[in-house]
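Let me begin by presenting the structure, written as structure tokens, before commenting on it.
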Amino acid sequence: MRWKDGASEKREFLSVPGLSVEEIEPDFAFCNPRIAVSWQVKTIPVNADVIVKKLASARPSIVLHDCWQRPQRIVVDPTNPTKVEAEIVGRSIIHAIGEPPLAPAAPPQEDFEELAGAWKVFIDFLHGSAVHELVLLQDGQNITGTHIGAEVSSNCRGEIVGPKLKLFSQLPGDPLGLDYEFEGTLCDGGLTGVVHLGASAAK
């Protein structure tokens, strides 16, 4: 999705107050240019999680990578889109960001478990194992905190619905960071589940 031949689409992004666009050029890790769209929370009071969910549930569906997401930043990682497809993505993002946010529904009572605190995480691989630590804070169903690996640490975020937890983090590395997606169930004071691993550049 290069803006070389799409100046009008870039102007459309920049016409939204508080919205900024950055083109991330290809490097040794990625062969495609990417577009980072960010905004000021004072001007556009919406979280990137809300935008990502809107885009994924819309038609056509647009799926963005969680690992590059920030509270007020999304990154579009396209592969050979046409000019028409690029315009559709651009308009969809502007619509999702500009749409008035719905008032969040209050979660039903006892709709989530309490997870705040420090947790030891024992990960078993096909060959070997590892011990990490999660230090979690909780605001209702929303979970934030710190993921502490063997040598490095980073922020993590996710949510718990009932006893089901989903948590995302990226531990920094050079040239690629390690992406973790934890899925677990709270039972008898412990969490059990699986972790999906990946790798990506921090940018």
Side-chain angles (χ1 to χ4, degrees), residues 24 29-30 34 36-42 44-56 63-75 77 101 103-203:
I24 306 173
F30 297 96
R34 289 162 290 153
V37 181
S38 58
W39 56 92
Q40 299 295 324
V41 69
K42 291 182 179 179
I44 305 174
V46 64
N47 192 281
D49 287 331
V50 175
I51 303 303
V52 168
K53 289 177 181 178
K54 284 183 179 181
L55 293 171
V63 179
L64 303 181
H65 289 289
D66 287 308
C67 56
W68 294 320
Q69 185 179 313
R70 302 293 182 268
Q72 275 74 49
R73 178 180 184 261
I74 57 176
V75 174
D77 179 27
Q109 197 169 12
E110 298 181 357
D111 194 35
F112 51 84
E113 301 286 350
E114 294 294 332
L115 280 181
W119 295 78
K120 288 285 187 183
V121 182
F122 302 90
I123 305 174
D124 293 320
F125 303 101
L126 181 61
H127 300 288
S129 61
V131 179
H132 291 202
E133 186 174 355
L134 296 172
V135 180
L136 302 179
L137 303 174
Q138 184 168 355
D139 180 12
Q141 292 177 316
N142 298 316
I143 306 294
T144 58
T146 304
H147 176 190
I148 304 171
E151 299 179 353
V152 293
S153 63
S154 184
N155 295 332
C156 60
R157 59 181 173 81
E159 66 177 3
I160 184 167
V161 179
K164 302 286 188 180
L165 171 70
K166 182 172 284 189
L167 199 66
F168 301 93
S169 69
Q170 183 188 62
L171 294 182
D174 185 16
L176 299 177
L178 292 178
D179 302 316
Y180 291 80
E181 179 181 338
F182 297 94
E183 293 184 353
T185 302
L186 184 64
C187 182
D188 297 329
L191 277 164
T192 58
V194 298
V195 57
H196 305 282
L197 301 176
S200 62
K203 67 180 180 181

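Along the sequence shown, residues are numbered consecutively beginning with 1.
The CG atom of L191 lies 7.0 Å from the CD1 atom of I160; values are rounded to the nearest 0.5 Å. The distance from atom CG of L115 to atom CG of L186, rounded to the nearest 0.5 Å, is 5.5 Å. Taken from CG in N142 to CG in D49, the straight-line distance is 8.0 Å, to the nearest 0.5 Å. Expressed to the nearest 0.5 Å, how far CH2 of W119 lies from CG of L167 amounts to 11.5 Å. The CG atom of L165 lies 9.5 Å from the CZ atom of F182; values are rounded to the nearest 0.5 Å. Within the model, atoms CD1 of I143 and CD of Q138 stand 3.5 Å from one another, a figure rounded to the nearest 0.5 Å.
In this structure, W39 contributes its side chain and V46 its backbone to a donor-acceptor pair below 3.5 Å.
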- L64 vs L55, side-chain contact (heavy atoms from CB on, under 4.5 Å): CA-CA, chis, key distance, verdict: CA-CA 8 Å; L64 303 181; L55 293 171; 3.8 Å; yes
- Item | Residues L136, C156; criterion side-chain contact (heavy atoms from CB on, under 4.5 Å); working and verdict | CA-CA 8 Å; L136 302 179; C156 60; 3.9 Å; yes
- Task: Could you give me the CA-CA distance, side-chain angles and deciding distance for R73 and V37, then say whether side-chain contact (heavy atoms from CB on, under 4.5 Å) is met?
- Result: CA-CA 6 Å; R73 178 180 184 261; V37 181; over 6 Å; no
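With sequence neighbours excluded, no residue satisfies salt bridge (Lys or Arg N to Asp or Glu O under 4.0 Å) with E133. Every side chain to side chain contact (heavy atoms under 4.5 Å, CB included) that V194 has, sequence neighbours left out, goes to E183, H196. Annotation: ring pair (Phe, Tyr, Trp, His ring centres under 6.0 Å) contacts of F168 (sequence neighbours excluded): none. Under the side chain to side chain donor-acceptor pair (under 3.5 Å) criterion, E159 pairs with no residue at all, not counting sequence neighbours. Contacts of K164 classified as side chain to side chain donor-acceptor pair (under 3.5 Å), with partners at least two apart in sequence or in another chain: T185.
The side-chain heavy atoms of F125 and L197, taken from C-beta on, include a pair separated by under 4.5 Å.
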Just list the side-chain donor-acceptor pairs under 3.5 Å for residues 145-155, sequence neighbours left out, or say none.
residue	atom	partner	partner atom	Å
H147	ND1	S169	OG	2.7
H147	NE2	H132	ND1	2.8
S154	OG	Q170	O	2.9

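Shortest non-hydrogen contact noted between A48 and R70 is CB-O, 3.0 Å.
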